[in-house]
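This report concerns only the one structure given below.
Just so we're clear, the structure is a prediction, and the values are computed from it rather than from any experiment.
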Amino acid sequence: MPNFFLVVFIVLSFMFYLFYKVQYVRSRRPVEKKWLSAKSSMALGFFVGMFGVNTLLIQQTTTAYIIAAIFILYGFASMAAGFKMYKHYLPFARQEAEEMDRS
């Protein structure tokens, strides 16, 4: 049963990644694009990290442990970097949206 929840998290995070990438392509605002890229980076990082956790639980071999550790570390590092970018670009994206709405 725990694998079911991991699979749900994996699928949802990939759907969020696709959603933010579509928004990124459709956006015409440069700072908003960077902000959406950060959000998609977080979603993709969560996807890769959860995929690593799922691999860790399914297969019990040394190779699987090494691959899972790489996926988990890379995924959560990508999430952390995405969150840092998200926090950095959020005020600029708000300001850009307010300026565009005034015009």
Exercise. Under the side chain to side chain contact (heavy atoms under 4.5 Å, CB included) criterion, do Lys21 and Tyr17 qualify, and how do the steps go?
Worked result: CA-CA 6 Å; Lys21 276 302 177 184; Tyr17 170 73; 3.8 Å; yes
Exercise. Under 3.5 Å, is there a donor-acceptor pair between the side chain of Glu96 and the main chain of Val31?
Worked result: yes
Problem set entry | Heavy-atom side-chain proximity of Phe76 to Met50 below 4.5 angstrom | yes
Problem set entry | Taking every non-hydrogen atom, the tightest pair across Gly82 and Ala38 | O-CB, 3.5 Å
Problem set entry | Heavy-atom side-chain proximity of Leu6 to Asn3 below 4.5 angstrom | yes
Seminar exercise, completed: Closest heavy-atom pair, Gly49 versus Ile72, reported as atoms and distance to 0.1 Å, is O-CG1, 3.7 Å
Exercise. When rounded to the nearest 0.5 angstrom, what distance separates NZ in Lys39 from CD in Gln23?
Worked result: 6.5 Å
For this session: Could you state whether Ile70 and Ile58 fall into the same hydrophobic cluster, counting links through intermediate Ile, Leu, Val, Met, Phe, Trp or Tyr residues with side-chain heavy atoms under 4.5 angstrom apart?
Result: no
For this session: To the nearest 0.5 Å, tell me how far Tyr86 OH sits from Leu36 CG.
Result: 10.0 Å
Exercise. What's the shortest heavy-atom distance between Ala64 and Thr55, and which atoms?
Worked result: O-CG2, 4.4 Å
For this session: Would you mind reporting whether Phe9 and Phe46 have side-chain heavy atoms less than 4.5 Å apart?
Result: yes
Problem set entry | Inter-residue atom distance Met42.CE - Phe16.CZ, 0.5 Å rounding | 11.0 Å
Exercise. Donor-acceptor pair, Ser41 side chain versus Ser37 backbone, under 3.5 Å?
Worked result: no
For this session: Under the ring-ring contact (aromatic ring centres under 6.0 Å, His included) rule, collect the residues that match up with Phe83, sequence neighbours excluded.
Result: none
Exercise. Any side-chain heavy atom of Tyr65 sitting closer than 4.5 Å to one from Gln60?
Worked result: yes
Exercise. Do you reckon Tyr20 sits in the same ILVMFWY cluster as Met15, going by side-chain contacts under 4.5 Å, direct or chained?
Worked result: no
Problem set entry | Sole candidate of Leu18, Leu12, Ile10 that passes side chain to side chain contact (heavy atoms under 4.5 Å, CB included) when paired with Phe14 | Leu18
Exercise. Is Arg29 atom CZ crowded by more than 12 heavy atoms from other residues, nucleotides or ligands, each under 6.0 Å away?
Worked result: yes
